[in-house]
Every structure is written in C-alpha cells, then in structure tokens.
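Accompanying notes for the structure given below.
Quick note: numbers below take in every heavy atom, side chains included, and nothing from hydrogens, waters or symmetry partners.
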Amino acid sequence: VQLQASGGGLVQAGGSLRLSCAASGSSLRYYKIYWFRQTPGKEREAVSCTRMSGSSTYYADSVKGRFTGTRDNAKNTVYLQLNSLKPEDSAVYYCGTNEETGGCPGAIDYKDMEYWGKGTLVTVSS
C-alpha cells in the first residue's frame, strides 16, 4: 500500500484547507484511512479515521465539529476538510493505514499503522 498526502499550506486562523490522501497498491475497500498530526517534540496523534466503505468515522475531541473526513472510492482517496482552523492545529499531517478491517476508530495509536504517507505541513497564523 502506498499513500500520498497533499493539501497542506499556510492559512489564517478561521480559514480552511482540504487535505488529500491518495492510496494505491491494494484493494482498500475495507481499510480505514487515518489522519495523524505531529508537532515538534510530541508524539503523532490521531485526529480522524474514515473507513473506505460504510459510514464509520472517528474524530478526536479537539477537532470534532471542525474537521470532516470524506472519501472518493473511485479515486481511492480520502479527504480531510479542515474548517475553523486554529493556530494550535498547526502541525505536519500524515495519513496512515493498516490492514485491520472493522469500524473506526479501531487500533488508533500511531504505532498500529503499517503504512504512512509523507507528511503535509499545515500552518495556521493568528
């Protein structure tokens, strides 16, 4: 499985961005795509989970109501819409997955991921 994340950038507080995670290399129909974020000196934390089939999702409390995960199965791509961004949302965002089936969140520690995309930097200015 290969993952490619994109869509980061610089935005003012209150603004929006849309991140993309394009997956290839395997049938992902029953997989879950996670978004994590990491700031210097801190562990990677999970912010969302979107299953590639069905409606199962998960959001961390810190982003609930502001971030929304969607998918395009034809493109094997999961999107993370980031709205009402705050400076504390600034981080490198990574998408990850493993071969677990089942609903979100499942095993959600970053150590449980088997595949990672390269990070995309989100910077929110105040």
Side-chain angles (χ1 to χ4, degrees):
V1 177
Q2 295 84 43
L3 301 177
Q4 186 167 3
S6 61
L10 172 63
V11 65
Q12 288 187 332
S16 298
L17 284 172
R18 189 177 79 159
L19 307 183
S20 300
C21 179
S24 62
S26 182
S27 174
L28 299 168
R29 182 175 180 182
Y30 300 106
Y31 285 17
K32 301 182 288 286
I33 300 295
Y34 296 84
W35 284 98
F36 288 76
R37 65 186 181 187
Q38 188 171 25
T39 53
K42 293 190 176 180
E43 285 193 348
R44 212 167 280 192
E45 63 166 350
V47 296
S48 78
C49 170
T50 301
R51 195 168 183 265
M52 293 302 289
S53 62
S55 59
S56 182
T57 57
Y58 160 85
Y59 301 98
D61 288 343
S62 58
V63 307
K64 204 171 290 183
R66 301 187 298 119
F67 291 9
T68 304
T70 58
R71 68 175 189 261
D72 184 333
N73 289 93
K75 296 181 179 179
N76 262 1
T77 299
V78 167
Y79 304 98
L80 186 66
Q81 180 69 37
L82 286 59
N83 294 332
S84 302
L85 281 161
K86 304 175 182 180
E88 52 264 42
D89 294 317
S90 297
V92 179
Y93 284 70
Y94 299 87
C95 57
T97 191
N98 52 39
E99 296 184 352
E100 267 198 0
T101 57
C104 290
I108 203 169
D109 190 274
Y110 73 94
K111 298 173 186 173
D112 297 313
M113 298 300 112
E114 297 176 60
Y115 308 100
W116 290 103
K118 288 185 179 179
T120 184
L121 178 63
V122 172
T123 304
V124 184
S125 63
S126 57

_Linked, directly or transitively: Tyr31 and Leu19 (ILVMFWY side chains, under 4.5 Å)_ = yes

*About how many Å separate CG of Asn98 and CG of Asp109, when rounded to the nearest 0.5 Å?*
11.0 Å

_Sequence-distant partners of Ser56, side-chain hydrogen bond (donor to acceptor under 3.5 Å, both in side chains), two or more places apart_ = none

*asked:* Glu45: which residues meet the side-chain hydrogen bond (donor to acceptor under 3.5 Å, both in side chains) condition with it, sequence neighbours left out?
replied: Arg37

_Residue pairs passing the disulfide (SG to SG under 2.5 Å) test where at least one lies in residues 66-126, sequence neighbours excluded_ = Cys21-Cys95, Cys49-Cys104

*Could you pull out the closest heavy-atom pair between Asn83 and Ser16, with the gap in Å?*
OD1-OG, 2.9 Å

*So, the side chain of Lys32 versus the backbone of Thr97: is there a donor-acceptor pair under 3.5 Å, distance only?*
no

*asked:* Among residues at least two apart in sequence or on other chains, which ones pass side-chain contact (heavy atoms from CB on, under 4.5 Å) with Ser24?
replied: Gln2

*Any side-chain heavy-atom pair from Phe67 and Leu85 closer than 4.5 angstrom?*
yes

_Quick check on the hydrophobic clustering: are Tyr58 and Val47 connected, directly or via other members, by side-chain heavy-atom contacts under 4.5 Å?_
no

*Do side-chain atoms of Asn73 reach the backbone of Met52 as a donor and acceptor pair under 3.5 angstrom?*
yes

_With sequence neighbours excluded, residues passing side-chain contact (heavy atoms from CB on, under 4.5 Å) with Ala22_ = Thr77

_Any pair counted as salt bridge (charged side-chain N to carboxylate O under 4.0 Å, His left out), so long as it reaches residues 74-86, sequence neighbours left out_ = none

*Report the residues that fulfil salt bridge (Lys or Arg N to Asp or Glu O under 4.0 Å) with Lys64, sequence neighbours left out, ordered by chain and then residue number.*
Asp61

*With a 4.5 Å limit on heavy-atom distance, are the side chains of Trp35 and Thr50 in contact?*
no

*Quick one: side-chain hydrogen bond (donor to acceptor under 3.5 Å, both in side chains) partners of Glu100, sequence neighbours excluded?*
none

*Residues two or more places apart in sequence or in another chain: which of them pass salt bridge (Lys or Arg N to Asp or Glu O under 4.0 Å) with Arg51?*
none

*Tyr94: partners by side-chain hydrogen bond (donor to acceptor under 3.5 Å, both in side chains), with sequence neighbours left out*: none

*asked:* Keeping Tyr79 on the side-chain end and Asp72 on the backbone end, is there a donor-acceptor pair under 3.5 Å?
replied: no

*asked:* Any heavy-atom pair between the side chains of Val11 and Leu82 that's under 4.5 Å?
replied: no

Run the side-chain donor-acceptor check on residues 113-126: report pairs under 3.5 Å with partners two or more places apart or on a different chain.
from	atom 1	to	atom 2	distance (Å)
Glu114	OE2	Glu99	N	3.1
Tyr115	OH	Glu99	OE2	2.9
Thr120	OG1	Gly8	N	2.9

*Reported OH-to-CG distance for the pair Tyr59 and Leu80, which is rounded to 0.5 angstrom*: 7.5 Å

*asked:* Suppose we screen for salt bridge (Lys or Arg N to Asp or Glu O under 4.0 Å). Which residues come up paired with Arg66, at least two apart in sequence or across chains?
replied: Asp89

_Testing the basics here: between Ile108 and Ala46, what is the closest heavy-atom pair and its distance to 0.1 Å?_
CG1-CB, 3.5 Å

